[in-house]
Colleague: 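Please see the structure below; I have some questions.
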Amino acid sequence: MISSHNDIQRIVDLTTNQDLKKIGQKILHKERISFDDGIYLFENASLAYLGALANWKRESMHGNKTYFNRNFHIEPTNVCVFSCKFCSYSRLYAHKEEGWELSIDDMLNIVKKYDGQPVTEVHIVGGVHPKMNLQFFVELFKAIKAHRPELHIKAFTPVELDYIFRKANVSIEEGMKILHEAGHDSLPGGGAEIFHPEIREKICADKVNAEGWLAIHKAAHKLGMHSNATILYGHIEEYKHRVDHMERLRELQDETGGFNTFIPLKFRNKDNDMSYVNESSVIEDMKMYAVARLYMDNFPHIKAYWPMLGRQNAQLTLSFGVNDLDGTIDDTTKIYSMAGSEEQNPAMSTTQLVSLIKQVNREPVERDTVYNIIKDYSNIELEEMEANPLLN
Ligand code: V47
Ligand code: SF4
């Protein structure tokens, strides 16, 4: 499976378009591609060329390894003070009878459901509820850590954090420190959407802007916390907005080195204020992953979130630059199922996820949130996994 340098060199050399050849040569020589190169790739490169380059890059960084983790999600509330046009999930505070709101005990009970199970991470993210404040989350984190100290808490996007810090009248740095000391380990990548104001003002005008989003991740990195970044693509944005988004993230990563993973999230159009926008094709999806792998040269990992794409398309991304498939997840995640994702009740056992990865000749490796290797499954038979509850 590993594509050799000579093979890819030949593909680049045979390319008749001189501009594409130059970009290919830059990539092969591990030189950074420019903003204009990024746009040129989106507009002019064939899917085959992009795939060959992105796959070579992926394999030169990670070989055949494909990471996943064992995690579960908690969504504290779907009541939200904001009104992003693409969101199918939130209920405005005025209509909160249609929403849910979990107490600290409710959330601790969800954590306790996983007692004895080998999960390593809880992913906590939801709407921005006006009543949930900094103190509430400090207590939540302390309660989770008191119960299960080794469980990694990956929680909150800058959208929630910006709101609760402003309400508590603390600076970003102070707020992040308070949460970190209470047990907050890392930040997921959400809330980024499209940074460029031309689009952000149309799809999510009232929540934290690009500068605020980046400042919160920077403050987290300064505390030694890691984080992820996303892009919500395939709606009203143009290629230049996607590249601008990646450029801003690449610049911050040069400065801090705190990002682990870049996650392109495909826009889904069910039951939201952007339902009139068609969803992107599979070809466009694979292009997005491939250009992301090539552009984000300082991001160690590119992740495909399988519940959103569906299992087969997630398998396909593994040949277009992706080296991580998120996790086993549980069926509690609603933010995607409500937007029309492929998986209405996303849940996969470790055996299923490992089998999915092996079907496309990659090596499944379980990791923790910060990519320490927990177990390499490439030589473990699926029958053996099914028979062992700790592996399944
Ligand atoms: O920021 C909301 C997206 C994100 C829709 O860091 C939608 O490991 C598509 O960021 N169509 C939140 N996407 C989730 C997120 C995430 C998910 C998995 C793993 C990680 C990680 C982070 O969900 C939001 C927004 O971009 N979203 N509505 C929609 N209709
Ligand atoms: Fe609220 Fe997040 Fe939905 Fe925006 S995407 S409305 S911030 S829950």
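Heavy atoms only: backbone and side chains are in, while hydrogens, waters and symmetry mates are out.
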Colleague: Between Ser355 and Gln352, do the side chains contain a donor N or O and an acceptor N or O under 3.5 Å apart?
Modeller: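 Absent: no donor and acceptor within the cut-off.
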
Colleague: Between Tyr377 and Phe68, is the ring centroid distance below 6.0 Å?
Modeller: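 They qualify: ring centres under 6.0 Å apart.
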
Colleague: Backbone N or O of Ile231 within a donor-acceptor pair of the Glu193 side chain at under 3.5 Å?
Modeller: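 Between the backbone of Ile231 and the side chain of Glu193 there is no qualifying donor-acceptor contact (under 3.5 Å).
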
Colleague: Apply side-chain hydrogen bond (donor to acceptor under 3.5 Å, both in side chains) to Thr66 and list each qualifying residue two or more places apart in sequence or on a separate chain.
Modeller: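 Applying side-chain hydrogen bond (donor to acceptor under 3.5 Å, both in side chains) to Thr66 gives Arg58.
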
Colleague: Taking Glu279 for its side chain and Asn269 for its backbone only, find out whether a donor-acceptor pair lies under 3.5 Å.
Modeller: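 Here the side-chain-to-backbone pair exists.
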
Colleague: Please enumerate all residues that pass side chain to side chain contact (heavy atoms under 4.5 Å, CB included) together with Thr230, with sequence neighbours excluded.
Modeller: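 Partners of Thr230 by the side chain to side chain contact (heavy atoms under 4.5 Å, CB included) criterion, ordered by chain and then number, come out as Ala192, Ile263, Leu265.
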
Colleague: Under 3.5 Å, is there a donor on one side chain and an acceptor on the other for Gln253 and Asn298?
Modeller: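 No - no donor-acceptor pair under 3.5 Å links their side chains.
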
Colleague: Who pairs with Asn169 by side chain to side chain contact (heavy atoms under 4.5 Å, CB included), at least two apart in sequence or on another chain?
Modeller: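 Asn169 satisfies side chain to side chain contact (heavy atoms under 4.5 Å, CB included) with no residue once adjacent residues are dropped.
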
Colleague: Can you check whether Ser46's main-chain N or O pairs, donor with acceptor, with Lys287's side chain at less than 3.5 Å?
Modeller: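 Looks like no, no N/O pair under 3.5 Å.
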
Colleague: Taking the side chain from Arg242 and the backbone from His245, do they hold a donor-acceptor pair closer than 3.5 Å?
Modeller: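 Not at all, since once roles are kept as given, no pair shorter than 3.5 Å links the two residues.
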
Colleague: I'd like to know if the side chain of Ser227 pairs up with that of His217 as donor and acceptor (distance under 3.5 Å, no hydrogens or angles considered).
Modeller: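 Looking only at side-chain atoms, His217 and Ser227 do form a donor-acceptor pair, the distance falling under 3.5 Å.
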
Colleague: How about His221 and Thr256: does a side-chain donor come under 3.5 Å of a side-chain acceptor?
Modeller: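 Yes.
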
Colleague: Under the salt bridge (Lys or Arg N to Asp or Glu O under 4.0 Å) test, which residues partner Arg32, sequence neighbours left out?
Modeller: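 Partners of Arg32 under the salt bridge (Lys or Arg N to Asp or Glu O under 4.0 Å) test: Asp254, Asp297.
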
Colleague: With His241, which residues qualify under side-chain hydrogen bond (donor to acceptor under 3.5 Å, both in side chains), at least two apart?
Modeller: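 His241 satisfies side-chain hydrogen bond (donor to acceptor under 3.5 Å, both in side chains) with Glu198 only.
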
Colleague: Is the side chain of Lys207 donor-acceptor paired with the backbone N or O of Asp162 at a distance under 3.5 Å, no angle test?
Modeller: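 Checking the backbone N and O of Asp162 against the side chain of Lys207, no donor-acceptor pair under 3.5 Å is found.
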
Colleague: Hey, what do you get for CG (Leu353) to CG (Leu356), rounding to the nearest 0.5 Å?
Modeller: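 Rounded to the nearest 0.5 Å, the CG-CG separation comes to 6.5 Å.
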
Colleague: Check whether any side-chain N or O of Asp185 sits under 3.5 Å from a backbone N or O of Ile153 as a donor-acceptor pair, and report yes or no.
Modeller: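 Yes.
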
Colleague: With sequence neighbours left out, what residues match Asn372 under side-chain hydrogen bond (donor to acceptor under 3.5 Å, both in side chains)?
Modeller: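 Asp368.
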
Colleague: Nearest 0.5 angstrom please: Glu247 CD to His196 NE2, how far?
Modeller: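 Spacing of CD (Glu247) from NE2 (His196) equals 12.5 Å.
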
Colleague: List for me each residue that meets salt bridge (Lys or Arg N to Asp or Glu O under 4.0 Å) alongside Glu251, sequence neighbours excluded, and say none if there are none.
Modeller: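 Listed in chain order: nothing, the list is empty.
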
Colleague: Taking the side chain from Arg200 and the backbone from Val208, do they hold a donor-acceptor pair closer than 3.5 Å?
Modeller: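 Indeed, once roles are kept as given, a pair shorter than 3.5 Å links the two residues.
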
Colleague: My understanding is that only residues two or more places apart in sequence, or in another chain, count here; which of them pass salt bridge (Lys or Arg N to Asp or Glu O under 4.0 Å) with Lys26?
Modeller: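 Once residues adjacent in sequence are excluded, the partners of Lys26 under the salt bridge (Lys or Arg N to Asp or Glu O under 4.0 Å) criterion are Asp37.
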
Colleague: With sequence neighbours left out, write down each residue that passes side-chain hydrogen bond (donor to acceptor under 3.5 Å, both in side chains) with Glu255, or none if nothing qualifies.
Modeller: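 Per chain and number, Glu255 pairs via side-chain hydrogen bond (donor to acceptor under 3.5 Å, both in side chains) with Lys218.
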
Colleague: Return yes if a side-chain donor-acceptor contact under 3.5 Å exists between Ser88 and Asn272, otherwise no.
Modeller: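 The answer is yes; a qualifying pair exists.
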
Colleague: Relative to each other, are the rings of Phe42 and Tyr239 parallel, tilted or perpendicular (30° and 60° limits)?
Modeller: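 The rings of Phe42 and Tyr239 lie parallel, inter-plane angle below 30°.
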
Colleague: Measure the acute angle between the ring planes of Tyr67 and His301, then classify it against the limits of 30° and 60° as parallel, tilted or perpendicular.
Modeller: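 Tyr67 and His301: perpendicular rings.
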
Colleague: Please determine, by modelled atom types, if Glu101 and Thr77 share a side-chain donor-acceptor pair under 3.5 angstrom.
Modeller: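 Short answer, no.
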
Colleague: Please enumerate all residues that pass side chain to side chain contact (heavy atoms under 4.5 Å, CB included) together with Ala229, with sequence neighbours excluded.
Modeller: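 Result, side chain to side chain contact (heavy atoms under 4.5 Å, CB included) vs Ala229: Trp213, Leu249, Phe259, Phe262, Phe299.
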
Colleague: List the residues meeting side chain to side chain contact (heavy atoms under 4.5 Å, CB included) with Val277, not counting sequence neighbours, and say none if there are none.
Modeller: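 His235, Ile236, Phe267, Met274.
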
Colleague: My understanding is that only residues two or more places apart in sequence, or in another chain, count here; which of them pass salt bridge (Lys or Arg N to Asp or Glu O under 4.0 Å) with Asp273?
Modeller: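 Testing Asp273 for salt bridge (Lys or Arg N to Asp or Glu O under 4.0 Å), a comparison that skips the adjacent residues, returns none.
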
Colleague: Side chains of Pro300 and Thr261, heavy atoms from C-beta outward: is any pair under 4.5 Å?
Modeller: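 With C-beta onward as the side chain, the pair stays apart.
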
